[in-house]
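Comments concern the structure below.
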Amino acid sequence: MDEETGLEHERRAKVARWRAEGREPYPWAFPGRVLTEAVRRAAGPLRPGESDPAVTFRIAGRLRSVRRHGQVAFLDLDDAAGSLQVLVRADLIGEDAYRGWLADLDPGDLVGADGIPAVSKRGEPSLEVRALTLLAKAISPPPEKYHGLQDAEERIRRPYLDLLTSPESRARARLRSELVGEVRGYFTSAGFTEVETPVLLPVAGGAAAAPFVTRSRYVGGDLQLRIALELPLKKLLVGGLEKVFEIGKVFRNEDLDSTHSPEFTELEAYWAYADYTEMRGLFEGLVARLLARAQELLPEGPARTKVAEVFRPPFPTIDFVDELERRSGLGDLLTMGRDELRAAARSIGSTVPDASPAGTFLDKLFEHYVEPSIERLTFVVDHPAATTPLAKPHRSKSGRVERFEAFVPGFELANAYTELNDPDEQARRFDEQARAAGGDRYVPDPEFVRAIRYGLPPCTGIGFGIDRLVMALTGAASIKDVILFPIARPRGV
RNA sequence: GGGCCCGUAGCUCAGCUCGGUAGAGCAGGCGGCUCUUAACCGCAAGGUCAGGGGUUCGAAUCCCCUCGGGCCCGCCA
């Protein structure tokens with residue numbers, strides 16, 4: 001435990017005084033409490049200086065500031081609905097009660113108030129207090145009332161402190177929840193079944209990323225935390241669930257930056273008897289619905305306008321190979337060997353390991369030559385087969401797979417395929433990845449191949465990061481802005 | 001992993017360039033004030049200047065190392 005500061009000492013003394021007087025500084029509940037907006041509404045018709053003794057209200061919240069003027073004081077109380085001024089007058093509650101209350105209450109305390117709606121002489125809607133109740137004494141003082149918590153490190157380590165001083169941060173948290181609710185409702189009403197699949201696996205597959213490893217007493221050895229949802233969801237399609245989706249945390253043992261977090265929330269959905277064209281239609285419908293909701297919820301301003309611009313249909317579609325050839329001036333990419341691709345990637349400064357799969361070099365080239373030009377939601381389609389070991393070969397374009405990615409400026413938003421369902425071809429693709437030593441690559445999963453030997457229906461699947469989706473829809477600059485508890489290193493000794 | 005920047009009171013920040021006993025505002029304490037809303041006025045209090053080492057008569061300030069954070073680059077479906 002931290003050492004007590006002088007301020008905390010003062011506040012503990014107040015708690016002791018409270019108890020000595022037989023009052024409870026941490027009561028159990030505050031029944032009958034309403035939100036401050038109810039008082040605000042009731043005060044609406046009143047004129048400055050008036051109050052309405054016909055109705056009483058009970059409110060509760062965090063005491064944000066106290067303005068004392070001798071025999072009258074103004075408290076600001078914050079709750080989920082916003083903030084309300086509480087008017088405390090010595091002539092109404094008695095001078096002893098008045099002095100006692102103000103001596104024992106501090107900013108940051110959780111306080112209940114009973115009173116009547118009123119409007120101050122200066123026109124501020126208020127609750128004119130008849131009684132105050134301490135609901136929880138704050139021992140530690142809150143951050144500064146005007147600037148809030150500015151220190152970037154403290155905001156990451158103690159996000160609750162940022163939340164308690166910043167209505168904007170609280171609004172952002174609720175906005176994310178609303179958008180996730182929309183996503184869930186969209187897939188559910190499209191007939192998808194929401195499922196949960198294991199986080200702990202013998203081998204984390206379905207993507208190329210370094211896993212976290214943990215120890216299981218039950219299996220008597222190591223387990224890995226999932227890096228994607230793909231493989232178990234497809235097994236459910238083998239099992240006869242025809243439309244499934246999952247929203248859940250996945251874990252990749254990598255660095256944090258403005259668009260990557262070691263743990264993040266992913267959605268993946270799989271749809272039997274449909275292909276990637278149908279999936280694109282479904283995704284565009286989702287985007288339209290989310291955009292409408294986000295525009296409703298976001299405050300008016302440049303950020304909202306920018307978001308609307310990025311997500312305004314129709315969305316450009318570019319062919320991965322054609323666009324990369326056009327912008328890079330490189331020759332026929334599909335006939336280039338791995339050595340040639342590696343040389344091209346080296347020439348633009350990429351430092352990926354020499355032994356990386358050919359697809360990695362293609363991804364690097366695309367990232368360098370094409371991604372920076374993306375200004376609006378853009379679909380990139382029909383990638384070279386080497387980039388994508390879990391996608392089905394393109395029905396007409398040789399050397400390609402049926403795949404689309406959705407990009408917004410700055411990052412990839414979604415990734416979808418017509419899924420590979422030929423078990424022998426799947427085994428060959430895994431072998432290819434296994435042969436390319438070094439670098440992160442798809443780990444072959446024989447158990448998955450075994451599962452689809454029983455028959456995976458033709459199907460399409462999509463995956464996207466919920467965090468990034470919320471970023472794009474709210475104009476957030478960093479993934480940390482949409483995660484309530486971003487990862488932080490342990491504090492040094 | 002590399003480069004640059006940052007860390008001073010519970011919080012928000014000055015002070016560092018050019019070394020000379022640590023400053024303000026908010027919050028807290030005491031006193032005053034019946035209409036404020038970043039209330040105001042007066043008094044007093046509050047510090048491991050992130051941590052460690054070095055240079056120096058003297059280090060918050062200059063140098064080195066470590067820790068934590070930010071931005072950029074690299075790596076990462």
Side-chain angles (χ1 to χ4, degrees), chain A residues 2-11 13-14 48-49 63-76 83-92 98 103 106-108 118-126 128 138-157 161-162 165 204-210 227-230 250 252-262 264 266 268 349-353 356 359-360 363-364 367 387-390 405 411-412 414-415 439-442 463-465 468 477-478 480 486 488-493:
Chain A
D2 297 337
E3 278 183 38
E4 181 182 73
T5 67
L7 296 171
E8 289 169 347
H9 184 76
E10 292 284 352
R11 286 168 176 239
K14 292 176 185 180
L63 183 59
R64 198 184 59 206
S65 65
V66 180
R67 295 179 293 282
R68 290 191 61 169
H69 293 259
Q71 300 299 298
V72 63
F74 304 91
L75 317 182
D76 290 328
S83 188
L84 185 75
Q85 176 167 279
V86 172
L87 184 52
V88 189
R89 285 170 53 176
D91 58 347
L92 292 175
Y98 179 84
D106 293 298
V119 173
S120 73
K121 288 178 189 168
R122 292 291 173 85
E124 179 74 21
S126 306
E128 190 180 279
I139 298 298
S140 298
E144 211 248 10
K145 65 183 174 188
Y146 183 65
H147 298 92
L149 188 65
Q150 295 298 319
D151 183 78
E153 180 178 349
E154 283 299 289
R155 290 175 68 152
I156 287 172
R157 292 188 185 281
L161 287 183
D162 176 49
T165 50
I227 57 174
L229 312 176
E230 178 149 1
V250 299
R252 296 184 184 180
N253 205 341
E254 289 155 4
D255 278 354
L256 175 72
D257 66 25
S258 63
T259 59
H260 297 81
S261 171
F264 62 100
E266 206 191 11
E268 291 194 30
S350 170
T351 62
V352 289
S356 302
T360 301
D363 284 335
K364 286 288 134 196
E367 211 173 277
T387 61
T388 319
L390 294 162
E405 288 178 289
F411 51 90
E412 181 198 345
N415 184 21
D440 286 318
R441 54 197 194 281
Y442 286 75
F464 53 83
R468 287 184 175 187
S478 169
K480 281 176 288 198
R489 290 189 179 89
R491 214 187 278 271
V493 287

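Lettering of chains follows the sequences in order, A, B, ..., and the numbering in each one begins at 1.
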Look through every strand shown and name the nucleotide pairing with B:G7 as Watson-Crick or G-U wobble, where both distances are under 3.5 Å.
B:C67
Between atom CZ in A:Arg68 and atom P in B:C40, what is the gap in whole Å?
15 Å
If the P atom of B:C65 is compared with that of B:C73, how far apart are they to the nearest Å?
25 Å
Tell me the partner of B:G20, counting only Watson-Crick (N1-N3 plus N6-O4 or O6-N4) or G-U wobble (N1-O2 and O6-N3) with both under 3.5 Å; none if nothing fits.
B:C57
In this structure, how many angstroms lie between the C1' atom of B:C71 and the CD1 atom of A:Ile156, rounded?
12 Å
Please state how far atom CZ in A:Arg252 lies from atom P in B:A77, giving the value in whole angstrom units.
8 Å
Could you go over nucleotides 10-14 of chain B and give all protein N or O partners under 3.5 Å, atom names and distances?
unit_1: B:C11; atom_1: O2'; unit_2: A:Glu144; atom_2: N; d: 2.7
unit_1: B:U12; atom_1: OP1; unit_2: A:Gln150; atom_2: N; d: 2.8
unit_1: B:U12; atom_1: OP1; unit_2: A:Asp151; atom_2: N; d: 2.8
unit_1: B:U12; atom_1: O2'; unit_2: A:His147; atom_2: ND1; d: 3.4

At under 4.0 Å, does any side-chain N or O of A:Thr351 touch on OP1 or OP2 of B:C75?
yes
B:A9 and B:A44: how far apart are their C1' atoms, nearest whole angstrom?
16 Å
Measuring from A:Asp106:CG to A:Leu7:CG, what's the distance to the nearest 0.5 Å?
9.0 Å
Roughly how far apart, to the nearest Å, are B:C33 and B:G23 at atom P?
33 Å
Measure centre to centre between the rings of A:His69 and A:Phe74, then say whether the value is under 6.0 Å.
yes
Are any of A:Lys14's side-chain N or O atoms less than 4.0 Å away from OP1 or OP2 of B:G28?
no
At less than 4.0 Å, is any side-chain N or O atom of A:Lys364 found next to OP1 or OP2 of B:C75? Yes or no.
yes
Rounded to whole Å, please give me the gap between CG in A:Leu256 and C1' in B:G68.
14 Å
Please work out if A:Ala152 contacts a base, only the sugar-phosphate, or nothing of the nucleic acid, heavy-atom cut-off 4.0 Å.
sugar-phosphate
Side-chain N or O of A:Arg11 closer than 4.0 Å to phosphate OP1/OP2 of B:G28:
no
note: A:Leu92, atom CG; B:C35, atom P; distance rounded to Å ~ 14 Å
CG of A:Leu84 to CZ of A:Arg64: how many Å apart, nearest 0.5 Å?
10.5 Å
Determine the interatomic distance between C1' on B:C41 and the same-named atom on B:G54; round to the nearest Å.
49 Å
Using a heavy-atom cut-off of under 4.0 Å over every strand shown, decide if A:Asp91 touches base, sugar-phosphate, or nothing.
base
Under 4.0 angstrom between A:Lys480 side-chain N/O and B:G69 OP1 or OP2:
no
Whichever of A:Ala488 and A:Phe264 has its nearest RNA chain B nucleotide further upstream toward 5':
A:Ala488
For B:A27 and B:G10, measure between their C1' atoms and round to the nearest Å.
8 Å
Rounding to a whole Å, what distance do you find between A:Arg89:CZ and B:C33:P?
17 Å
How close or far is atom C1' of B:A77 from atom CD of A:Glu268, stated in whole angstroms?
9 Å
Determine the Euclidean distance between corresponding C1' atoms of B:A38 and B:G25; express it in Å to zero decimal places.
10 Å
Base partner of B:C43, which must satisfy Watson-Crick or wobble distances under 3.5 Å
B:G29
In plain terms, say whether A:Arg11 and A:Glu8 are close enough for a salt bridge, that is, a side-chain N and a carboxylate O under 4.0 Å apart.
no
How many Å lie between CD on A:Glu367 and P on B:C75, as a whole number?
7 Å
Please give me the minimum heavy-atom distance between A:Lys480 and A:Ile156, naming the atom from each residue.
CD-CD1, 3.9 Å
Under 4.0 Å, counting only non-hydrogen atoms across every strand here, what does A:Glu10 touch: a base, just sugar-phosphate, or nothing?
sugar-phosphate
Touch class at under 4.0 angstrom, heavy-atom based, for A:Ser120 against every strand present:
base
Without swapping roles, check the side chain of A:Gln71 against the backbone of A:Ala90 for a donor-acceptor pair under 3.5 Å.
no
Does a side-chain N or O of A:Ser65 approach OP1 or OP2 of B:A27 to a distance below 4.0 Å, or not?
no
Heavy-atom donor-acceptor pair, A:Arg468 side-chain to B:A77 base, under 3.5 Å
yes
A:Arg64 or A:Ala103, whichever maps to the more 5' nucleotide of RNA chain B:
A:Ala103
